[in-house]
Amino acid sequence: MKFSQALKANSVPDWKHHYIHYSRLKKMIFRLEQLQGNAPLSPVPEHRQSLDFTNPSAPLLSRQSSSMLQRTSSGLEHAHIDELMFEREIHDELARVKAFYVEKHDELDAEVLAVLAKVAAAERRGISGPGHQDVEGGQSLPEEQRIAFWTDVNVPRNIKERLSGALTDVYIQLDNLSKFVELNYDGFRKILKKHDKMTNTELSGRLMPTVSDMLAKEQRKGALEGLKNSVVHEYALIAHSGGEREAEQELGRHRRDQLTFERNTVWREMVAMQRRGTNVVIGGDRQKLGAKELDLTSVVKRNKKQITAVLVSLTVFAVLLNIKIPIFKKPQEQNCAALLAFVSLLWCTEALPLYITSTLIPLLAVTLRVLTKQQDGHTVRLTPQEAAPQVFHAMFSQVIMLLLGGFAIAGALSKHFIAKSMATAILSRVGRQPHWVLLANMLVATFLSMFISNVAAPVLCFGLVQPILRTYAAGHPVSASLVMGIALASNVGGMTSPISSPQNIFAIERMVLIGSTPSWLQWFAIALPIGILVDILCWGLLLVVYRPGQEVQEIRPLKPNKDPWTATQLYVMFISVATVGLWCANTKLETYTGEMGTLAILPLVAFFGTGVLGKDDWNGFLWDVVMLAMGGLALGECVKTSGLLSTIAGEIGNFVGGLGLWPVLMIFCALVLVCTTFISHTVGAMIILPIVQSVGEDMADPHPKLLVMGAALMCSGAMGLPVSGFPNMNAIALEDGTGSTYVTTKDFLKVGLLGSVFAFGVINTLGYFIMLALGF
């Protein structure tokens with residue numbers, strides 16, 4: 001791993017702006033190499049003074065050095081000027097790193113003293129009796145007396161936990177500061193070595209002693225280690241009867257847990273997981289076989305299931321194209337039925353990556369001539385030249401812009417630790433009892449899903465609870481209930497806003513075609529009561545099934561983020577809230593904006609145009625989801641214009657004819673529940689929602705908007721198996737340090753299926769009446 005990557009991976013996120021700017025310094029070195037053409041530079045005069053890091057107020061350069069820099073800059077060649085600028089930059093970086101170190105050291109020194117004072121105060125308050133009358137004020141107790149006090153069973157448990165927790169927090173910060181020094185030391189050493197190698201100079205020989213004095217010797221021999229030793233000593237007295245070795249080991253475990261918690265980057269992990277899921281077979285073949293050994297036989301053996309699924313799909317496709325089916329009166333309807341069956345089978349079996357299957361849809365739509373137009377009162381099939389522009393036009397709509405706008409908001413909230421800070425602020429205040437911790441994590445997962453999608457939310461939430469999960473074995477009631485609770489709540493969170501899951505985007509597109517798009521406020525009014533009630537029901541189910549409170553009485557709370565909000569974070573929150581507010585008011589703004597997708601451009605410009613998000617963040621978007629959505633839109637255009645949709649809807653309409661709105665809603669929700677339990681929620685929505693819309697429009701008392709909304713919500717409510725949605729797949733893949741999974745398929749069968757039934761019941765009762773009241 002390159003050092004610039006290692007620096008990003010190992011830095012403390014909250015301190016990321018205070019580390020050495022390694023990449024910027026490296027660019028300056030490359031510029032120096034280009035300017036000098038690999039010729040050695042003239043040696044820098046020896047009278048330049050090194051920095052004095054023992055004195056915080058010492059100047060960066062001596063007056064003699066500064067004046068020389070000014071005198072010679074006009075007479076030296078560009079390379080020599082840039083060399084002086086590079087050295088000045090090194091001085092500035094050292095001073096900046098030093099200033100932050102001194103500031104944090106003083107802050108932690110005061111924090112250690114404050115915690116020690118609380119420990120001493122607790123001891124003085126707790127000790128009484130004739131033998132201890134001489135202990136007054138700030139006078140310390142004898143060591144034996146202190147050990148005896150903290151091992152006494154009468155010392156309140158909450159006092160021990162509060163003080164040991166405070167000592168743990170300050171120890172982790174001290175260790176972070178120690179690693180901060182080491183990482184910056186390595187950064188300066190490597191950048192100076194690179195400079196000397198590329199410019200044929202010996203700058204490191206003059207500056208490394210100064211860097212060593214500042215960043216190596218001081219942290220090893222100075223007060224930092226003394227502070228850590230003091231913390232370990234006090235922790236040993238409180239938690240281990242004076243055993244410092246055991247105390248240091250336990251503090252080390254807490255530090256590793258916190259390290260995992262702090263350095264969990266949501267989008268990087270999520271994209272990596274997506275890539276592993278789609279590339280594991282191909283990547284594995286390349287690694288095992290190598291380019292020379294790759295042959296057709298090996299590929300067939302390793303991809304037997306996928307090849308079989310493709311062959312079955314092609315067979316069904318060919319049969320449907322060539323056998324006359326009576327219900328289809330026109331050739332474009334039968335061709336479109338064959339297309340629908342073919343891509344549905346590929347999607348359901350995942351024989352090809354979902355987004356690759358989506359790319360086949362416009363190709364097949366054009367070549368099979370399934371698109372039509374009205375001409376002189378007759379339906380005429382479009383030629384390939386006419387069909388291609390129409391299908392590509394259908395693939396890019398406001399749905400795609402809403403997806404991109406949602407990705408931008410989610411990326412900014414995650415990258416700048418706003419979502420994590422808000423989540424930890426809530427979770428750190430819920431108390432220690434397992435049932436409240438479980439409920440809080442579920443509600444946080446649902447809330448985060450509203451704005452960063454139910455794909456990103458479980459990744460973030462599982463990272464947040466890692467310090468808790470690591471203290472329990474796989475299968476423990478606390479860990480199992482937490483993992484299952486976050487998974488179920490994230491699924492439920494997929495209902496809560498138009499951008500919380502792709503199926504909601506497809507539902508909005510269906511309602512756009514109806515001519516009545518729900519506002520964000522209407523969506524919230526329907527989905528939030530449903531989501532909260534389903535969360536509470538699932539929470540009760542988890543408490544009954546796992547009974548986490550019987551095994552563990554208290555759970556150590558998470559540490560809240562105490563750092564103030566930065567200007568960038570405030571800017572991100574303002575743009576995000578403003579965008580969501582405009583989406584909520586879209587019905588009033590349609591005269592000016594046309595569609596909600598137009599407003600989705602605002603966060604894209606506001607974040608990428610100002611550098612809040614960069615090219616890497618853009619490349620990190622879930623483009624496979626975007627491609628999947630585009631394929632779904634193209635398929636929707638095909639089944640509509642070919643006449644297939646009206647034919648299928650007519651057959652289903654005959655089946656449900658005479659039934660009222662409520663029974664029809666229950667039938668469709670049951671159909672959606674069964675299908676999306678076994679296949680992707682998104683795929684199920686793309687296949688079923690157009691049929692639901694068409695049936696709803698043809699009813700005697702048409703309510704297509706209500707039926708589409710209910711079916712879309714039910715897509716997110718299907719959570720009975722590990723394959724039922726990304727949150728479940730993420731939960732089943734979560735492992736402890738030994739490689740054992742926290743939950744199994746049996747857990748989903750126990751609580752996921754019942755949770756799906758709860759969602760079905762709430763949508764068809766509470767949801768039904770709310771939608772009717774809102775005029776759906």
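All figures in this text were calculated on a predicted structure; none of them were measured in a lab.
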Exercise for review: Before giving the answer on side chain to side chain contact (heavy atoms under 4.5 Å, CB included), spell out for W623 and W618 the whole-Å C-alpha distance, their side-chain angles and the decisive distance to 0.1 Å.
Suggested key: CA-CA 9 Å; W623 292 105; W618 179 268; 3.5 Å; yes

Check your understanding: Are N491 and S716 close enough, and set up right, to give a side chain to side chain contact (heavy atoms under 4.5 Å, CB included), and what steps lead you there?
Key -> CA-CA 5 Å; N491 278 300; S716 296; 5.7 Å; no

Point to revise | side chain to side chain contact (heavy atoms under 4.5 Å, CB included) assessment of I307 paired with V310 | key: CA-CA 5 Å; I307 292 174; V310 170; 5.7 Å; no

**Study point:** Test log, rule side chain to side chain contact (heavy atoms under 4.5 Å, CB included), inputs I763 and C669
**Key:** CA-CA 9 Å; I763 291 170; C669 283; 4.3 Å; yes

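Residues F776 and L707 fail the side-chain proximity criterion, which asks for heavy atoms closer than 4.5 Å. Annotation: side chain of F396 is in contact with side chain of M401 (closest heavy-atom distance under 4.5 Å). You'll find the side chain of M495 reaches within 4.5 Å of the side chain of I530, heavy atoms only. Contact check for W523 versus M709: side-chain heavy atoms found under the 4.5 Å cut-off. Here the side chains of C538 and M719 are in contact, with some heavy-atom distance below 4.5 Å. For the pair F317/L321, a side-chain contact is recorded, criterion being any heavy-atom separation below 4.5 Å from C-beta on. Using a 4.5 Å heavy-atom cutoff, the side chains of M484 and F748 are in contact. Side-chain contact between Y768 and L706 is present, with at least one heavy-atom pair separated by less than 4.5 Å.
Distance alone, capped at 3.5 Å, places no donor-acceptor pair between the R381 side chain and the P331 backbone. S500 places no side-chain N or O within 3.5 Å of a backbone atom of M450 that could act as its donor or acceptor partner. At distances below 3.5 Å, not a single donor-acceptor pair connects side-chain atoms of S694 with backbone N or O atoms of P690. Checked by atom type and distance alone, the side chain of T598 pairs as donor or acceptor with a backbone atom of T593 at under 3.5 Å. Checked by atom type and distance alone, the side chain of T446 pairs as donor or acceptor with a backbone atom of A489 at under 3.5 Å. In this structure, the side chain of D617 engages the main chain of G614 through a donor-acceptor pair within 3.5 Å. Checking side-chain atoms of K324 against main-chain N and O of F328 turns up a donor-acceptor pair under 3.5 Å. N504 contributes a side-chain N or O that, together with a main-chain N or O of G494, makes up a donor-acceptor pair within less than 3.5 Å. One N or O on the side chain of T372 and one on the backbone of T641 form a donor-acceptor pair closer than 3.5 Å. Side-chain N or O atoms of H416 include one that pairs as donor or acceptor with a backbone N or O of V612 at under 3.5 Å.
If you take CG on L345 and CG on L352, they are separated by 12.0 Å, rounding to the nearest 0.5 Å. Between atom CZ of residue F447 and atom CG of residue L528 there is a gap of 10.0 Å, rounded to the nearest 0.5 Å. K330 contributes atom NZ, which lies 4.0 Å from atom OG1 of T379 (distance to the nearest 0.5 angstrom). The SG atom of C336 sits 9.0 Å away from atom CG of L368, with the distance rounded to the nearest 0.5 Å. Atom-to-atom distance recorded for N335:CG and L340:CG is 12.5 Å, nearest 0.5 angstrom. The OG1 atom of T579 sits 11.5 Å away from atom CD1 of I601, with the distance rounded to the nearest 0.5 Å.
Of all heavy-atom pairs between I361 and G631, the closest is CD1-O, 3.2 Å. Heavy atoms only, all atoms of each residue included: T496 and S449 are closest at OG1-C, 4.5 Å. The two residues V708 and L689 make their nearest non-hydrogen contact at O-CD2, 3.9 Å. Minimum heavy-atom separation, A412 to V572: CB-CG1, 3.6 Å. L320 and A341 make their closest contact through CD1-CB, 3.4 Å (heavy atoms, listed as atom of the first residue, atom of the second, distance). P603 and I409 make their closest contact through CB-CG1, 4.0 Å (heavy atoms, listed as atom of the first residue, atom of the second, distance).
Applying side chain to side chain contact (heavy atoms under 4.5 Å, CB included) to L382 and the options Q332, R369, Q390 leaves one that passes, Q390.
Ring centers of F608 and F621: under 6.0 Å apart, within the cut-off.
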